[in-house]
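Position 1 is the first residue of the sequence, and the numbers go up from there.
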Amino acid sequence: MEKQHLTYFKIENFKRFDSFEMSNLGQFNLIVGDNNVGKTSVLEALTFDENITRLAYNYWITFWDRGLAQSQEAEFTYKEIQQTRFWEAIFKKAGPIRITANNIDLRLELRPHQQLYDPEKAAIKESVVTTIPDQWLKLSKIHNEGKFIDWQLIAAYFEGSAIPKYNGFNLDSYVPFISANLGYGSELIGIYYQFVNSNKNIRKEIESNLRLFIPKIEEIRPHKIGNSEVLGIILSDSNTLYPLTYFGDGTVKYFRLLLEVLITENRRLMVDEIGAGIHFTHQKTYWKNIIQLFSKYNVQLFATTHSLECQQAFVEALSDEDMKQFQSEARNIALLENKQGEVKAFTYDFEQFEFSLSIGVNTRGGQL
């Protein structure tokens, strides 16, 4: 596995977690657990970045994509974020969020303006700040010897243009997180034009994968309707161009997944409820296609599911002769909650996971 993929991850003081860690991570990680145990929060935490603006934006967008904020505006504003009390919800209690992953050690603080240190105030004076906010976010990298270095500071509530435009598609504002409720959006057209349309081989690859749900697909073609464009599907036995949405939510989510693998090449992608909307008869082939594609583009997958069928299909897909090469990088991570409300992660490698399923051991998390 490439060294940029995570093998260890720990988050402290984030949302419901006082402290949560996962170890022995692979390239293909399936996270399971009971309702409200924090599976989606783990995916959100994994969108961290070593750049403070990028990290703050990623965490906000995961909040937005899950429908936890509403807006009629094309762009976010700092007032909208302030009204949600977003950062107070992210920090479980007073004190910093601590993120540890491989050789990365970060500390994220929410600091009142009155409590800034003199060097921080001096840095602000050297910047162009039109409004002094009540609170600031500070991200510090931690040196091997335990010293905090390379700190970055931004306003906790972004001002206007600091929030990238969300409608449409902009690579600078892309967040590698696919929420469970995320359906068709106008940004898919932008992704298609930027990563697929001009490359014949990639177009054929996407169309080939879509045959799992659209067996007679001949071509994907952007189609203009009035002042807007939609992604259309041409079938081999019809002259009609069908909108992608005609083929159902599961197909749309799968198509989005195929596109976002291209964006996250050599990085990681978080997918909430990866098997949702996929009929059990397609699950095995679905997993084979995903694993092969993620391997080809060297993308590390972190995905959640509630479904035992999804887990079983994951194992069945990897058991085929042409898939055994990927078994060493497959993991099932079960989240279990103890009586004190602490959530622990138990990692199964492929052999352990396959054996546990075969003898009926609970691999879906629950109570300790």
Side-chain angles (χ1 to χ4, degrees), residues 1-9 22-32 42-43 46-47 101-102 171 174-178 191-192 194-196 199-213 220 250-251 253-276 278 282-305 307 309-333 347-354 357 363:
M1 183 170 63
E2 297 293 329
K3 66 179 181 180
Q4 66 263 33
H5 290 332
L6 302 181
T7 57
Y8 175 81
F9 177 73
M22 301 184 295
S23 58
N24 187 27
L25 300 173
Q27 185 173 357
F28 316 109
N29 303 280
L30 188 58
I31 301 171
V32 297
V42 172
L43 298 188
L46 283 163
T47 66
N102 289 8
L171 187 58
Y174 171 74
V175 179
F177 174 84
I178 302 177
I191 299 172
Y192 186 84
Q194 188 161 342
F195 290 90
V196 180
N199 189 312
K200 178 180 177 181
N201 291 334
I202 292 179
R203 285 204 318 271
K204 295 301 180 185
E205 181 175 60
I206 298 294
E207 289 163 1
S208 176
N209 275 283
L210 276 177
R211 287 194 177 92
L212 173 62
F213 300 111
I220 305 169
T251 303
K253 185 167 184 176
Y254 181 51
F255 180 74
R256 178 183 290 278
L257 184 54
L258 299 177
L259 292 189
E260 296 203 20
V261 168
L262 303 175
I263 305 173
T264 52
E265 184 174 8
N266 297 321
R267 296 188 290 158
R268 62 185 179 274
L269 178 60
M270 281 58 73
V271 185
D272 203 11
E273 292 300 328
I274 192 167
I278 311 300
H282 293 311
Q283 289 266 1
K284 179 180 175 180
T285 306
Y286 172 73
W287 268 118
K288 289 184 70 170
N289 291 353
I290 289 172
I291 291 168
Q292 289 170 341
L293 203 63
F294 273 69
S295 177
K296 177 179 179 178
Y297 290 97
N298 191 35
V299 178
Q300 186 174 24
L301 172 66
F302 290 92
T304 65
T305 185
S307 168
E309 288 177 343
C310 186
Q311 284 185 291
Q312 292 170 333
F314 183 62
V315 168
E316 290 171 6
L318 288 161
S319 298
D320 282 0
E321 195 63 37
D322 61 334
M323 297 292 291
K324 289 184 177 179
Q325 59 184 306
F326 305 117
Q327 290 180 2
S328 64
E329 291 299 334
R331 302 289 186 273
N332 183 80
I333 302 169
T347 302
Y348 298 78
D349 63 24
F350 178 78
E351 290 184 357
Q352 292 168 331
F353 185 32
E354 182 182 40
L357 282 177
T363 57

Nearest 0.5 Å, please: how far is [atom2] in [Y] from [atom1] in [X]?
X	Y	atom1	atom2	result
Q300	M270	CD	CE	9.0 Å
S23	I333	OG	CD1	8.5 Å
S307	F314	OG	CZ	13.0 Å
E265	K296	CD	NZ	9.5 Å
R331	T7	CZ	OG1	10.0 Å
K253	D272	NZ	CG	6.5 Å

Between T347, V42, V271, which is the residue that forms a side chain to side chain contact (heavy atoms under 4.5 Å, CB included) with I31?
->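 Only one of T347, V42, V271 forms a side chain to side chain contact (heavy atoms under 4.5 Å, CB included) with I31, namely V42.
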Looking only at non-hydrogen atoms, find the nearest pair between [X] and [Y] and report the distance.
X	Y	value
L43	F177	CB-CE1, 3.8 Å
F9	L6	CD1-CD1, 4.5 Å
I178	R256	CG2-CD, 3.8 Å
C310	W287	O-NE1, 3.2 Å
Q283	A313	CB-CB, 3.4 Å
T264	P176	CG2-CB, 3.8 Å

Does one side chain, of N102 or H5, offer a donor that lies under 3.5 Å from an acceptor on the other?
->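 No donor-acceptor contact under 3.5 Å links the two side chains.
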Would you check if [X] and [Y] make a side-chain contact, meaning some heavy-atom pair closer than 4.5 Å?
X	Y	result
E205	N209	yes
D322	K288	yes
N289	Y254	yes
I263	L269	no

Mark yes or no for whether [X], through its side chain, and [Y], through its backbone, hold a donor-acceptor pair below 3.5 Å.
X	Y	result
E354	V315	no
Q27	N298	no
T305	I274	no
N29	G26	yes
D349	E351	yes

Examine F294 together with F28 and report whether their ring centres are nearer than 6.0 Å.
->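 No, they do not, as the ring centres are separated by 6.0 Å or more.
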Just do the side-chain contact (heavy atoms from CB on, under 4.5 Å) check on S208 and R211 with the steps written out, would you?
-> CA-CA 5 Å; S208 176; R211 287 194 177 92; 3.9 Å; yes
Carefully, step by step, assess Y286 and L212 under the rule side-chain contact (heavy atoms from CB on, under 4.5 Å).
-> CA-CA 7 Å; Y286 172 73; L212 173 62; 3.8 Å; yes
Which word best sums up how the rings of F353 and Y348 line up, parallel for under 30°, tilted for 30 to 60°, or perpendicular for over 60°?
-> tilted
Got more than 12 heavy atoms from elsewhere within 6.0 Å of CD, Q325?
-> yes
